[in-house]
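Note sheet for the following structure.
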There are 2 protein chains.
Amino acid sequence: MPDRSDLQPAWKPLQLSTELKRRKRPDVIADRIRELIVAQGLEPGDRIPQEWLLPETHEASRGTLREALKILEFQGLTLSKTGPGGGVFVSGVGADQAIRLLDNLFLFQPPSIADIYSIRKVLEPQLAESLAGKLSAEAFAKLQDTIRLYEEEPKTAEEEYRQRLAELDFHVELARHAQNALLGFNCIFLISLLRDMTVCREIYREPNPALRETGLHYQIILLRAIKSGDGKRAAQVMREHMEAAEIYMLERAEIPQRNPIKAIHRERGK
Amino acid sequence: MPDRSDLQPAWKPLQLSTELKRRKRPDVIADRIRELIVAQGLEPGDRIPQEWLLPETHEASRGTLREALKILEFQGLTLSKTGPGGGVFVSGVGADQAIRLLDNLFLFQPPSIADIYSIRKVLEPQLAESLAGKLSAEAFAKLQDTIRLYEEEPKTAEEEYRQRLAELDFHVELARHAQNALLGFNCIFLISLLRDMTVCREIYREPNPALRETGLHYQIILLRAIKSGDGKRAAQVMREHMEAAEIYMLERAEIPQRNPIKAIHRERGK
DNA sequence: AGATATTTGTTCGTATGTATT
DNA sequence: TAATACATACGAACAAATATC
């Protein structure tokens, strides 16, 4: 063991304003850096100046500073790149990333299917309406591709399940193109809740050709309405689609429901 | 139909996720512990068995284990108490806490006032309707108390501002009592966005006796409708309230808007 | 009331790993 | 391959909180 008797006192408790005295140092540093980012108008992709990240700037050790950076990265505000020319960069926060932060929110008091659909019923039509006449050709192509995944009758329960997920993906894809990012985020969040509920997982495994058929039907005329720029009609179609889906889900959910959310081991990397 | 193919993606679909193949040890440990919590059916308030938290259980050092715990705590899933009989406890995640996790989401592409109100206009009435006849006496008392904060005409700009915040608190208080926790969360989230937008902060500072008056008016008849159990009327009143507020905010927001979100230095502690 | 034991929290320095140029 | 710059993990020491005697 090295002799540490000549070492200076581990860290001098630097003066913090009384109000902030109780706050942990990494948190304080993280906030300082975030403040700098906003104040200096840095935007996603910009590199954070090294001076801001120097240990001596904050009178803390490398480890403590690293903690601070970890907080920012966890919040999705920064990302670090290694190697020469690397460093810490400001990063936009993706919807998917943000939703993962909410994984635990409803872990112990999960919303019911009715809860989710009561909101979807009003938001999805609004989304559809707002998209009318605004989708690019590429967006349409992507949506068509998604639909194609469940055009054919499923053979196995697994396939049934995958098709249902693809149906949800259709709605996610729509939401991605929302001008109103807040609306898009909300829709995606609701869908991700549905996806993770085991009740739904079970329901999705059951075959139901009729629903698939009508779902497909709705989505095709929905796309047509959006393409033609008929917002009111798009909203109406989506509303009917949601109502039909809700009725179906509620009927099936009569089956006993167990521990409802499985947001646990979602794959982190790509 | 205009060609919108060059339209900016409303937000980054998923910003170049740097492929994190190798999962970090604290993350792995955090996931293991979370899995244990769910698998063993632990609920908020339960203490996490020490064995799960021992360094040797996970073959890691104390520091690494601490990192794992920090992740869980940051996500709001656990909280720790020091001292004998202390330890790490499972904790429910509060709405406020969850919203803080989303602080950075719209930092660089903030939603507009119109974006927020287009959603509030449909969700708040639904909330009001769902509360009809369901509020306890205590809840009413608390709401009345909040209203009292802006009954009197404000004298200064500061007071004006505080009153506006209290008006928002009124809606938060309503949302807190939602049966549909998801709906409540959504409403609170929207309000917190409003609260943090500097555009709004500026607008809120401007005196507007007429709006205050009508807002007060709406909220009083809203409470009456809720108390009497008249859901339809409550929804209608809320809808009108939202529409009036939106018109006012949009008018005022014509003023140039700058760096819009100030979610930076929010107080962390109680 | 006060000392003590228990349990978690904070920070440090260092050694080693990993990705990029 | 070498150099660069960040990442990960460890172990040690000390601080803070709190129940119990």
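Just so it is clear: chains get the letters A, B, ... in the order the sequence lines come, proteins before strands, and each one is counted from 1.
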Taking the side chain of B:Pro26 as its heavy atoms from C-beta onward, which of C:dG9, D:dA7, D:dA9 lies nearest to it?
D:dA9

Taking OP1 and OP2 of D:dC6, is either one under 4.0 Å from a side-chain nitrogen or oxygen of A:Gln50?
yes

Mind calculating the distance between NZ (A:Lys70) and C1' (D:dC6) to the nearest angstrom?
12 Å

Checking D:dC10, C:dG9, D:dA7 against the side chain of A:Arg66 (C-beta onward), the nearest is D:dA7

In whole angstrom, give the distance that lies between atom CG of A:Asp27 and atom C1' of C:dT11.
14 Å

Nearest heavy-atom pair of B:Cys187 and B:Glu124: which atoms, and what distance?
CB-OE2, 4.0 Å

Output yes when at least one side-chain N/O atom of B:Thr64 is less than 4.0 Å from OP1 or OP2 of D:dT8, else no.
no

Select base, sugar-phosphate, or nothing to describe what B:Gly87 touches, counting heavy atoms under 4.0 Å on all strands.
sugar-phosphate

State the OG1-CG distance between A:Thr78 and A:Asp46, to the nearest 0.5 angstrom.
13.0 Å

Atom-pair distance (CZ on B:Phe74; C1' on C:dG9), nearest Å:
17 Å

Among C:dC12, D:dA7, C:dT8, which nucleotide has an atom closest to any side-chain atom of A:Ala60?
C:dC12

Could you tell me the separation between the NE2 atom of A:His58 and the C1' atom of C:dT11, rounded to a whole number of Å?
16 Å

Would you call A:Arg176 and A:Asp169 a salt bridge, taking side-chain N to carboxylate O under 4.0 Å as the test?
no

Nearest to the A:Arg47 side chain among D:dC6, C:dA5, C:dG9, which nucleotide is it?
D:dC6

Please determine whether a side-chain nitrogen or oxygen atom of B:Arg25 lies at a distance below 4.0 Å from atom OP1 or OP2 of D:dC10.
yes

Can any side-chain N or O of A:Asp196 pair as donor or acceptor with the backbone N or O of A:Leu193 at less than 3.5 Å?
no

B:Glu67/B:Arg25 salt bridge by N-O under 4.0 Å criterion
no

Does the side chain of B:Ser80 get closer than 4.0 angstrom to OP1 or OP2 of C:dT7 through an N or O atom?
no

Can you tell me the distance, in whole Å, between the CG atom of A:Leu79 and the P atom of D:dA5?
18 Å

Taking only side-chain nitrogens and oxygens of B:Ser61, does any of them come within less than 4.0 Å of OP1 or OP2 of D:dC10?
yes

